[in-house]
Amino acid sequence: MKRNRFIYTILAIVLGIIIGSIILLISGTNPVEAYKVIFLGAFGKPKYISWTIVKAVPLILTGLSVAFAFNTGLFNIGAEGQYIVGSIGALVVGLLLDLPPVVHGLVALLVGALCGYLWGAIVGILKAKFQVNEVISSIMMNWIAFYLSNYLLSFPILRSIESDNSYPIKQSASIKIAGAWKMSESGRAYLAQHKFLKDILNPPLNFGIIIAIIAALVVWYILKKTTLGYELRAVGFNEKAAEYGGIDINKSIVKSMGIAGILAGLAGAITVLGVSGDIGIMAAQEGYGFDGMAVALIAGNNPLGTIPAALLYAGLTYGGGKLTTIGTYSEVVNIIIGIMILFIAMPKLLDMIKFFFTKWSKKDGKNLEKGGANE
């Protein structure tokens, strides 16, 4: 089963590239040249690699959020809202509190994760206690989070004067790699003499990639090796059987959505503390929560698979932005990604059709046997 899923994913990627090539040909662009621009635009230089990693980090975590919920029988379409409240929590702590370096960043990350947990747990409670479908409630929670962010940025204590941004976080809360050193005179002088290192560190490379990889390993371990993971997956497979086995379904639903919220909230916190902290946050949706759904689908909802899936997604979108240099539209990358996801979803449809025809063929066979016996 896992082998087939991996083959389906590789085939979907190949088909996406082939159909994307046809679209590029129709638009008058050489596909080989276009894919070369995308690849080199994402991995051709050290600074491009750094930017691809930076953009992949929140995608890994939001992809994990969606994948974790899906493995427990829930569809977390609210990762975007959890991402937003996570960024709000990290911003408030990073901007308003005075704490020592390292400690400040850790506290901000924890608060961002906690905000995501609360946002996800609310959806879980609504489903567990009032049977509210998590898809509907999480979509509504996305909009509540978005407008809550806009509302909070109307306060002078957070919003920079005559700007749509908040004030930048304090340097002590930053999780950028060598962030303070890069800004110092000695750091600038050193980087000026070492171009390779400068190209790697000048993008906002941060410790988020380490956190994301650890999170993927922890989620995989929880789902596959722990009692908690067994209980959550059991509820996802069959609620009645899980309840008969003594598992509290309502608590499991809340736990599952809460953990999914932690992952997405952590993504928002990392973005604020490691990427956009110098300019604060804007009253706008980042879209990482929705992109995380695509990453989870490409990964086959495998926690460890979200790492390469996010790097592929980030590489395509970041490298695809450079297609304008050869006179074509960067939106073709979104078409390619959409085709990949479409083909990844198709095996499920094919399995359903196969199951339907197998079931009816067996039923017809039984009817023929009964008819023969009656004769």
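None of the values given here were measured: they were computed from a predicted structure.
Residues satisfying the salt bridge (charged side-chain N to carboxylate O under 4.0 Å, His left out) test with D199, not counting sequence neighbours, are K195. For Y313, the side chain to side chain donor-acceptor pair (under 3.5 Å) partners are D291, not counting sequence neighbours. Partners of K182 under the side chain to side chain donor-acceptor pair (under 3.5 Å) rule, at least two apart in sequence or in another chain, do not exist in this structure. Here T226 pairs with nothing under the side chain to side chain donor-acceptor pair (under 3.5 Å) rule; sequence neighbours left out. The side chain to side chain donor-acceptor pair (under 3.5 Å) check on S21 picks up nothing, with sequence neighbours excluded.
Closest non-hydrogen pair, G94 versus A173, comes out as CA-CB, 3.7 Å. For K255 against L232, the heavy-atom pair with the smallest separation is CB-CD2, 4.3 Å. When all heavy atoms of I200 and P203 are compared, the pair lying nearest together is O-CD, 3.5 Å. When all heavy atoms of A145 and V85 are compared, the closest pair comes out as CB-CG1, 3.8 Å. Nearest approach of A296 to G63, heavy atoms of both residues: CB-O, 3.6 Å. The heavy-atom pair separating F70 from N301 by the smallest distance is CD2-ND2, 3.1 Å.
Panel note: side chain S174, backbone K170; no donor-acceptor pair is recorded below 3.5 Å. For E80 (side chain) and G287 (main-chain N/O), a donor-acceptor pair under 3.5 Å exists by modelled atom type. Between the side chain of S256 and the backbone N or O of S252 there is no donor-acceptor pair closer than 3.5 Å. In terms of modelled atom types and a separation under 3.5 Å, the side chain of N71 and the main chain of G229 share no donor-acceptor contact. Although no hydrogens or angles enter the test, the distance criterion places a donor-acceptor pair under 3.5 Å between the side chain of T52 and the main chain of Y48. Remark: side-chain polar atoms of S65 are not paired, donor with acceptor, to backbone N or O of L61 under 3.5 angstrom. For S87 (side chain) and V272 (main-chain N/O), no donor-acceptor pair under 3.5 Å exists by modelled atom type. Looking at E134, its side chain does come within 3.5 Å of a backbone N or O of F75 through a donor-acceptor pair. Not a single donor-acceptor pair under 3.5 Å links the side chain of W51 to the backbone N or O of A42.
Between the CG atom of L266 and the OG1 atom of T62 there is a distance of 11.0 Å, given to the nearest 0.5 Å. Between atom CD1 of residue I13 and atom CD1 of residue I339 there is a gap of 13.0 Å, rounded to the nearest 0.5 Å. Here the CE atom belonging to M141 is positioned 11.0 Å from the CG atom belonging to N76, to the nearest 0.5 angstrom. L91 CG to Y167 OH: the interatomic distance, rounded to the nearest 0.5 Å, is 12.0 Å. Here the CD1-CG distance, from I175 to L273, works out to 5.0 Å after rounding to the nearest 0.5 Å. Taking CD1 from I307 and CG from L59, the interatomic distance works out to 12.5 Å, rounded to the nearest 0.5 Å.
Residues V132 and K127 are not in side-chain contact: their nearest non-hydrogen atoms beyond the backbone lie 4.5 Å or more apart. Under the 4.5 Å side-chain criterion, counting only non-hydrogen atoms from C-beta, I38 is not in contact with Y318. Counting only heavy atoms from C-beta outward, the side chains of Y329 and S27 never approach each other to under 4.5 Å. The shortest side-chain heavy-atom distance between M340 and L316 falls under the 4.5 Å cut-off. Put simply, the side chain of K36 reaches to within 4.5 Å of the side chain of L40, judged on heavy atoms. Residues I337 and T317 have side chains in contact (heavy-atom distance under 4.5 Å, counting atoms from C-beta outward). Taking 4.5 Å as the limit, some side-chain heavy atom of P204 sits within range of a side-chain heavy atom of K176. Here the side chains of I60 and V295 are not in contact, with every heavy-atom distance at 4.5 Å or above.
Cluster annotation: M183 is not connected to Y190 through the hydrophobic network of ILVMFWY side chains, with a link wherever side-chain heavy atoms come within less than 4.5 Å. Under the 4.5 Å side-chain heavy-atom criterion for Ile, Leu, Val, Met, Phe, Trp and Tyr, I270 and V218 are members of the same hydrophobic cluster. L64 is connected to I222 through a chain of hydrophobic side-chain contacts under 4.5 Å among Ile, Leu, Val, Met, Phe, Trp and Tyr, so both are in one cluster. Following chains of ILVMFWY side-chain contacts shorter than 4.5 Å, one can reach I49 starting from F207, so the two form part of one hydrophobic cluster. By the criterion of side-chain heavy atoms lying less than 4.5 angstrom apart, applied directly or through intervening Ile, Leu, Val, Met, Phe, Trp or Tyr residues, W143 is grouped together with M293 in one hydrophobic cluster.
Note: Y83 and Y288 have tilted aromatic rings, judged against thresholds of 30 and 60 degrees for the angle between ring planes. The aromatic rings of F39 and F43 are tilted relative to each other, their planes meeting at an angle between 30° and 60°.
The stretch residues 10-24 participates, sequence neighbours left out, in no salt bridge (charged side-chain N to carboxylate O under 4.0 Å, His left out) pair at all. Sorted by first and then second residue, the salt bridge (charged side-chain N to carboxylate O under 4.0 Å, His left out) pairs with a member in residues 317-333 form an empty list; sequence neighbours excluded. Applying the salt bridge (charged side-chain N to carboxylate O under 4.0 Å, His left out) test to every pair with at least one member in residues 139-148, sequence neighbours left out, gives no pairs at all. The stretch residues 230-242 participates, sequence neighbours left out, in no salt bridge (charged side-chain N to carboxylate O under 4.0 Å, His left out) pair at all.
Between the side chains of N142 and Q82, no donor N or O sits under 3.5 Å from an acceptor N or O.
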- request: Any chance you could lay out the side chain to side chain contact (heavy atoms under 4.5 Å, CB included) test for W181 and L201, step after step, and finish with the verdict?
  value: CA-CA 11 Å; W181 177 75; L201 293 179; 4.2 Å; yes
message: Run K47 and N202 through side chain to side chain contact (heavy atoms under 4.5 Å, CB included) and show every step you take.
response: CA-CA 7 Å; K47 66 178 179 180; N202 261 359; over 6 Å; no
task: Verify side chain to side chain contact (heavy atoms under 4.5 Å, CB included) between I253 and V123, making sure each step is shown before the conclusion.
output: CA-CA 9 Å; I253 291 172; V123 174; over 6 Å; no
Evaluation steps, side chain to side chain donor-acceptor pair (under 3.5 Å), between S160 and N165: CA-CA 6 Å; S160 180; N165 296 9; over 6 Å; no
task: Go through the steps to decide whether N30 and I326 satisfy the test side chain to side chain contact (heavy atoms under 4.5 Å, CB included), and finish with yes or no.
output: CA-CA 10 Å; N30 185 337; I326 58 171; over 6 Å; no
Using distance only, find each side-chain donor-acceptor pair of residues 151-158 under 3.5 Å and give its atom names and separation, not counting sequence neighbours.
residue	atom	partner	partner atom	Å
S154	OG	Y151	O	2.4

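In the displayed structure, Y35 atom OH is contacted under 6.0 Å by more than 12 heavy atoms of other residues, nucleotides or ligands.
With side-chain heavy atoms closer than 4.5 Å counting as contact, directly or through intermediates, the hydrophobic cluster containing I125 also holds V254. Taking Ile, Leu, Val, Met, Phe, Trp and Tyr as members and joining any whose side-chain heavy atoms lie under 4.5 Å apart, directly or through other members, the hydrophobic cluster of V93 also contains L97, L99, V103, V107, V111.
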